[in-house]
Amino acid sequence: MNINASRLQSYFEVMSEIGKIGETGTCRPAHTALEKQGFEIAASWMQAGGMTTRIDNFGNLIGRLEGKNPDLPVLMMGSHLDSQPYGGRFDGVAGVLCAIEVVRTLHENGIVPERSIEVISFADEEGWRFNKGLFGSRGILGKLEEGELQRKDQDGITREQALKDFGCDITKFKESEYKPGSIFCFLELHIEQGPVLDMANKPIGVVSGISGPLWWTVKLKGMAGHAGSVPMPIRKDAMVGAAEIIVALNEIATQVPGNPTVGTVGTLTVFPASRNIIAEEVTMTVDLRDIDLERRNRYEKQLRDKIESITKKHNLTYSISEDTKSDPRYCADWIKEIIHSECQKLKLDEIELMSGPFHDALALSYVCDYGMIFVRCKDGISHNPLEYSSYEDLALGANVLLGTVTKVLKK
């Protein structure tokens, strides 16, 4: 039993037209008409695979293949269809479309599982629109935090308004939450988004765990003044403070060569943003990740100390708000063993590797066992229109997922 590779390719080709930028790029923001369009097409493929479909109140698209015993905890698969603003065709999309194809293959072969299977495209995994990711996957687990609905995007639209416009009822979140124990396990296929598999010339990898992300929003406050007349020694320049913090983060993350620690400042918002005015306020995002929690905690302390000393040196005030903080989460050994055995059955010579990016699996890991399959991407490029995985590799990944699902269903 194998998936239909040409049909899977057609899914990608159709989905890549929704929110297309340039020749190969994608911009499909969460909770928008473009994501809804993607959901409608994906739902039609789910329905062709024997699934019933719905969009819940968090904005998740859910397809369900009913099992013989619907009271058993579900086998859940999926990823996300929202993209980065300057993203590629495969990030998240691969996990949704390969899962749909796996269920469709089971359905066409007359397999009715003992437990139900659900395929989910989770809402706002990426987190760039409201600076807070994994919204849908945390939502179904009752893990949303205070104030999340009041977060605004760059156009001033709140998450609450975006959800209402999407057709969700924010007063009925409880109805969309999953009861404790109702999810048996979670499987997610994803492009690697890094260069390890490509450099090793291997199409498929088995994920060992996900690095723990720490996301901050840091605000620095100085004083605006004329760029031509305020003497350098008495300036309170928030931009200089921001620049030194960026360099400090880079030095902290790279202090031990070879460690998988990564640190990034991805956005800067400057006020009043005039070439002729000293920056009074800078708001910046900080992203620090590591698979080793003790090391990440140590680096976090170093960064806090650096921010304190840098702002003091430049007579700035500052605030740090914590947007996301998660421990590293490790994949279940029994699921890894199944994925390895399916790879070996296909003679793929797979390797095991960690995930630096976080995924919806990170949220699910707190309530059930999880496993992940990585598919090679060219040169490790992701979050970029140049992101590329071959349809041959994606088909291999989908077949590994199919075999894994078949064995998990026997548990």
Side-chain angles (χ1 to χ4, degrees), residues 1-18 26 28 38-53 60-67 74-81 83 88-113 115-122 125 185-192 203-206 335 338-339 342-343 345-346 348 359-361 371-377 388-409:
M1 184 169 62
N2 291 298
I3 61 99
N4 185 323
S6 60
R7 183 169 63 198
L8 179 62
Q9 178 174 336
S10 73
Y11 294 165
F12 281 97
E13 290 170 347
V14 171
M15 191 61 69
S16 69
E17 294 297 319
I18 301 172
T26 301
R28 198 163 45 238
F39 278 10
E40 288 167 354
I41 290 172
S44 71
W45 297 328
M46 289 173 169
Q47 290 157 13
M51 290 179 265
T52 56
T53 61
N60 299 311
L61 170 66
I62 303 172
R64 181 180 172 95
L65 182 71
E66 199 73 10
V74 300
L75 165 56
M76 187 179 283
M77 293 187 284
S79 195
H80 60 96
L81 291 175
S83 79
R89 297 167 286 168
F90 303 99
D91 174 10
V93 176
V96 177
L97 301 188
C98 288
I100 290 173
E101 178 57 27
V102 163
V103 174
R104 194 164 177 179
T105 301
L106 294 173
H107 180 66
E108 288 175 346
N109 281 273
I111 294 171
V112 180
R115 67 176 76 248
S116 299
I117 301 174
E118 290 189 349
V119 175
I120 304 188
S121 175
F122 287 107
E125 187 269 357
C185 69
F186 179 70
L187 303 175
E188 183 167 6
L189 178 146
H190 208 283
I191 62 168
E192 184 199 344
I204 304 297
V206 182
I335 299 178
I338 291 174
I339 299 171
E342 290 305 307
C343 288
K345 193 183 295 182
L346 295 171
L348 294 178
H359 306 282
D360 290 300
M372 288 193 71
I373 297 163
F374 268 173
V375 176
R376 168 174 55 189
C377 60
Y388 178 77
S389 287
S390 73
Y391 294 123
E392 291 78 12
D393 284 357
L394 290 162
L396 283 173
N399 274 320
V400 172
L401 183 61
L402 174 63
T404 301
V405 167
T406 303
K407 282 190 176 174
V408 169
L409 288 172

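Note that CE of Met77 is 5.5 Å distant from CD1 of Ile117, once rounded to the nearest 0.5 Å. Note that the CZ atom of Phe39 and the CG atom of Asn60 stand 7.0 Å from one another [nearest 0.5 Å]. One finds the CD1 atom of Ile3 at 11.0 Å from the CD atom of Glu108 (value rounded to the nearest 0.5 Å). Here the straight-line distance linking atom SG of Cys98 with atom CG of Leu401 works out to 7.0 Å at 0.5 Å rounding. Distance check: Glu66 CD to Arg115 CZ gives 13.0 Å after rounding to the nearest 0.5 Å. Between Thr53 atom OG1 and Trp45 atom CH2 the span is 13.5 Å, to the nearest 0.5 Å.
In this structure, the side chain of Ser121 engages the main chain of Leu81 through a donor-acceptor pair within 3.5 Å. With Ser79 contributing its side chain and Val96 its backbone, the two residues share no donor-acceptor pair below 3.5 Å. A distance-only check finds a donor-acceptor pair linking the side chain of Thr26 to the backbone of Gly88 [under 3.5 Å]. Side chain of Ser116 to backbone of Gly67: a donor-acceptor contact under 3.5 angstrom is found.
Considering all non-hydrogen atoms of both residues, Arg64 and Val74 come closest at NH1-CG1, 3.4 Å. The nearest pair of heavy atoms linking Gly38 to Met15 is O-CE, 3.5 Å. Considering all non-hydrogen atoms of both residues, Cys185 and Val408 come closest at SG-CG1, 3.7 Å. Residues Gly371 and Ile335 come closest through the heavy atom pair CA-CG2, 3.7 Å. Listed here is the closest heavy atom pair of Ile191 and Asp91: CD1-N, 3.8 Å. In terms of heavy atoms, Met51 sits closest to Leu65 at CG-N, 3.7 Å.
Taking the six-membered ring where the residue is Trp, Phe90 and Phe12 present tilted rings, their angle falling between 30° and 60°.
Between Ile62 and Val119, every side-chain heavy-atom pair lies at or beyond the 4.5 Å cut-off. With a 4.5 Å cut-off on side-chain heavy atoms, Leu106 and Met1 count as touching.
The only member of His359, Glu188, Glu125, Arg28 that meets side chain to side chain donor-acceptor pair (under 3.5 Å) when paired with His80 is Glu125.
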- Query: Given Ile373 and Val206, is the side chain to side chain contact (heavy atoms under 4.5 Å, CB included) satisfied, shown in steps?
  - Reply: CA-CA 5 Å; Ile373 297 163; Val206 182; over 6 Å; no
- Item | Residue pair Leu394, Gln9: steps toward the side chain to side chain contact (heavy atoms under 4.5 Å, CB included) verdict | CA-CA 9 Å; Leu394 290 162; Gln9 178 174 336; over 6 Å; no
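Under 3.5 Å, the side chains of Glu342 and Thr404 contain no donor-acceptor pair of N or O atoms. With 3.5 Å as the limit, one finds a donor-acceptor pair spanning the side chains of Glu101 and Thr105.
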